[in-house]
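These notes are about the structure you will find just below.
Heavy-atom basis, side chains included; hydrogens, waters and symmetry copies ignored. Proteins get letters first, then strands, A, B, ... in listed order; numbering begins at 1 in each.
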4 protein chains.
Amino acid sequence: MIIVLKPNADEKKFQKLQSWIKDDLGLDIHFSHGEKSTILGLVGDTSKVDIDAVSALDIVESVKRIQEPYKAANRKFHPLDSVISVGDVKIGGGNFVKIAGPCSVETIDQITGIARAVKAAGANMLRGGAFKPRTSPYAFQGLGKTGIEYLLEAKKATGLPIVTEIMELTDLDMFNDVDVIQVGARNMQNFRLLKELGTIDKPILLKRGLANTVAELLMSAEYIMAGGNEKVILCERGIRTFETATRNTLDISVIPVLKEKTHLPIIVDPSHSTGFSKYVKDVTYAATAAGADGIIVEVHNDPENAWCDGQQSITPEAFAKLSTGMDKIREVVSAL
Amino acid sequence: MIIVLKPNADEKKFQKLQSWIKDDLGLDIHFSHGEKSTILGLVGDTSKVDIDAVSALDIVESVKRIQEPYKAANRKFHPLDSVISVGDVKIGGGNFVKIAGPCSVETIDQITGIARAVKAAGANMLRGGAFKPRTSPYAFQGLGKTGIEYLLEAKKATGLPIVTEIMELTDLDMFNDVDVIQVGARNMQNFRLLKELGTIDKPILLKRGLANTVAELLMSAEYIMAGGNEKVILCERGIRTFETATRNTLDISVIPVLKEKTHLPIIVDPSHSTGFSKYVKDVTYAATAAGADGIIVEVHNDPENAWCDGQQSITPEAFAKLSTGMDKIREVVSAL
Amino acid sequence: MIIVLKPNADEKKFQKLQSWIKDDLGLDIHFSHGEKSTILGLVGDTSKVDIDAVSALDIVESVKRIQEPYKAANRKFHPLDSVISVGDVKIGGGNFVKIAGPCSVETIDQITGIARAVKAAGANMLRGGAFKPRTSPYAFQGLGKTGIEYLLEAKKATGLPIVTEIMELTDLDMFNDVDVIQVGARNMQNFRLLKELGTIDKPILLKRGLANTVAELLMSAEYIMAGGNEKVILCERGIRTFETATRNTLDISVIPVLKEKTHLPIIVDPSHSTGFSKYVKDVTYAATAAGADGIIVEVHNDPENAWCDGQQSITPEAFAKLSTGMDKIREVVSAL
Amino acid sequence: MIIVLKPNADEKKFQKLQSWIKDDLGLDIHFSHGEKSTILGLVGDTSKVDIDAVSALDIVESVKRIQEPYKAANRKFHPLDSVISVGDVKIGGGNFVKIAGPCSVETIDQITGIARAVKAAGANMLRGGAFKPRTSPYAFQGLGKTGIEYLLEAKKATGLPIVTEIMELTDLDMFNDVDVIQVGARNMQNFRLLKELGTIDKPILLKRGLANTVAELLMSAEYIMAGGNEKVILCERGIRTFETATRNTLDISVIPVLKEKTHLPIIVDPSHSTGFSKYVKDVTYAATAAGADGIIVEVHNDPENAWCDGQQSITPEAFAKLSTGMDKIREVVSAL
């Protein structure tokens, strides 16, 4: 961490700052006295220093972190790719996951039917919403507990592990038999929820928030990991920008950026990022070629009659082609 | 609601759509047949029609809402300003609230001292964080229940009503004696929390999310109001943009926009929107002149030693001047 | 175009509007009278109707375009892919272009050396900046006319067609022998320049602006095409968002979006969009898999000593691998 | 400037870097050797060091500027407010300018009539577009040279100095009698134009670009000032964000931010930032209360029949009230 002092910083406050750094934080200081400003280089483990507290000091002009504020999620301290196991499925470190299923669970026949179809088409995990975050209080909000039960039936029928979203801490008990718990974009900074999920032994699929940076995504992963649960799967699902031709803007570069900064696997959601089924194929191929560790895509047997997000759902037939396409692209890219 | 059909829309599907609109939704349809497209105008109460479901239909090119999807929060159905009462304090309809206090409650002396100071300086409500959403799991997270107890002590000592943030539904019991419950920016779309807050009889201070539109803010208010709690105070606290000179970008225009669209009061947070105490004054005056119904500002007796957000906190002395300034600007503006 | 009138619209103004639409614009009107609002559907060629002028009318609540405001660039009126020829090189309609070269032309040896290297590595066009838009007036601004002369020498030595950026209309004479003229992101809405480029017979590489929508990009293409020059190549080079881990945010979804809306070829710039050479490979593969018609990438023989943008330039060796990778991905994707 | 080296940086490259800094740039270096990284503090005038060039070096992890890259526009080197004189009108340093007039000049009667009306209502400068940047090639593009002639007639009739926009360098000759030349948002980084405007002796009204930071705005001012023309008036006119309730998002905080960083005057455009006449009043009062040095607002005698941007134009009557309001707010605020 580098601290730049204001010109003519008060000597007494400067002394106080120095003893706080040395005595309270246990860090060393290297000084650099310039013409107009003095610069302090902090040496030691600064990952837990509160940068805002330092910035608030009257004598400080600016502060810059050198060391990232996350440790558990940091590739520097964990150079090898993490591989997350979900039943027989592995994610990361060269293992690619194809998660498919409807936006929301509707009936037991619907979810079991789709589960069978996507399994036949190459999926190795089933998604489906039981609790749905909806902008309007008047829109369908999901089947809740019944939805999870239907998902478990679909799992029984097909053997596919299931992933579904938790919206509220108090529901956690219902997720005991769920294989992967999803934290949605709107909850990426629901720190209480993250903390609790850090205490359980189950993979967490953490979606990036609409207005959250890569650094914030990693800090949210850190919240979970700091509690002891290191099974975090990151998910890019588009960010909010000024462009309205797509529902959100898929930040494709986040794949190599995250590969550099963290050892955690990163998957992509082509459905929510584009918002239109017609764009799903090209964006999925892009994510695959860029080195993503998997995709999570909305598949519905009858998109026009889906209870939610039908506009962005593809059919099982389209998914089958997509699945083949991903395999072929991965084969080529991994040999490059 | 206007539905534009694709050219050469399948006749059978078109019939199905028509009967859904008429029979299931109970709406009338006006037709407009153009050269290249057919347009349907839906007549009746369309506020609860799921626009996404309509968009998903194969034969639909695009859909446009005419009627807003919120009703309870809509000024069209409630032309007069809502006035929210908190003890003797009134907010909205010409009543201006000055909420001041520290980012986080630290000690009983700190919060009581600041409460006395801001009251003397013109504040009529006290803010203070007991539960703090922090980006880093290693940062100070608030005193929790104890923080609320200290706030209640400060209320007893000064008579100021208190507002403090709820982070998690399960904490709701601790807020029984709190006067106003704040929903933070990161929870603006925590729909489960909103729904629960709709069932209680207590004013809610709803902060706009960093990446949320005005329309989404009003839908979140609608979540609360749909449950029966109409005491919602909206709060603009800056949105996330590409500009980094300030912590966030205060969207000042939101004041007249909200005044037009809703009857709910709107207050402004100059501290979180700018992130620097040095910019608080000018931005507060701007919000006052633009017609805001109040402000919520961070005040700390010793900003440099604040446990959080010291960089954006002003001193009680600065707040006293600010308070006088707001009064004078309001006097002038209300006479224009 | 759909016009929604305000409730209780003044009858006289309504009559005036109707005669303007029918008599001045030569369009037909379909009426839809709802409970609260009257809707007009305009029938005919509305692409040139000024939507702002209609919105300004006192009696108008809102206006929605059905027909796109661009015609020449619109795939609806030109279903087949445009193929742009540059010497022997073809772009679009299944033809992929690899444009490589340094950020700026430095010396005749540098540009000729790089030209030879990228040609050997698979490039079929050479890029290089002669006029450089730089944020700081104190930074190197390019060799100007001499830079173009050096590029022409490199063309002579290798046979590669050249593309270079024009910054100012008055320089146009210097571009007579340039094969493709590039319009940079900052000039995407320099309408005078676009208009002039519409009068010449030379392909234009039009880069999307940092804050410009797809619709605006197509309107800028329309400016050129309206003048008679239909040889426009679109280029996505990243947009400005809140994320700072990369220089800009590459909007990968723009590829299928543009493929749907226009017949013009679309290429991608992985260098400016990411800003770091280490991310170029993955993003280039993504663009290739998503169906781009080519890429334009910065290649420098000695990135560390480049006179500008060395941070995002790759070496000729890295480009050779990239070129092979793109070929293999295209082969697979085109067979899917 | 602070340079953080990568761990285990190559010694030879490190030596090369040091001699470049010392010998070529003439700067001193202070070293800080940490456990994992070495930090260099550069001492001396670093405002013209190319930060991108340093970042490109293989051994460099990151670079941070301490000193701003602009000098002429920097308040640190010019503590007193600049006051720009336009005829008898002064801007900055406590002098407030009210610029009013139509989006575009239409007829000699229109512009002279509006000029008389806004003068009577309190304006001290007249605006009007002769060259109009329009998104569509099919929209009205302004009267051009004739528009300037009409403006000069209106000036003759009223004595009001005039400000009008230049779109293209080659038009500069037509601006000889114009009092203030406006550079529009789309041209904020048209560096060739800025450079040329730096060589003339006439105030320049420089509008912030839709996606440009404060730092970039100041660098564009620096382009003009570096050429010798120090008469630059900055203008905030809204930035592009995800919010669509207003045309753009007015960044009100930019006023105190710019007041801190530069001595140049800053004015606000409430018309383009909001896009709707109904929001102009509140936003204008906000800008006035926040300490802006003036406003530039669109006024039209007949907004519904304006040839462009009628939706955001106010009437002369509304402007008269606005003018009084600004005066009263300024009186109060300047006494605080």
Measure distances from A:Val214 to the heavy atoms of chain C and classify the residue's part below 4.5 Å as side chain, backbone, both or neither. both
So what's closer than 4.5 Å to chain C heavy atoms on A:Thr246: side chain, backbone, both or neither? side chain
So which part of C:Glu260 gets closer than 4.5 Å to some heavy atom of chain A, the side chain, the backbone, both or neither? side chain
Kindly indicate whether the side chain of [X], heavy atoms from C-beta on, has any atom under 4.5 Å from the side chain of [Y].
X	Y	value
C:Thr244	A:Thr213	no
C:Phe242	A:Ile239	yes
C:Thr249	A:Thr241	no

Dump the intermediate steps for salt bridge (charged side-chain N to carboxylate O under 4.0 Å, His left out) on A:Glu331 and C:Lys328, then the final yes or no. CA-CA 10 Å; A:Glu331 200 180 324; C:Lys328 293 200 172 157; over 6 Å; no
Heavy-atom pair count under 4.5 Å with chain A, highest-scoring of [options]:
options	result
C:Ala211, C:Gly325, C:Ala245, C:Gly291	C:Ala211
C:Thr274, C:Thr284, C:Leu250, C:Ile255	C:Leu250
C:Val254, C:Thr324, C:Ile329	C:Ile329

Return the CG to NZ distance between C:Leu336 and A:Lys321, rounded to the nearest 0.5 Å. 10.5 Å
For C:Glu243 and A:Asp251, work out which heavy atoms get closest and say how close. CG-OD2, 4.1 Å
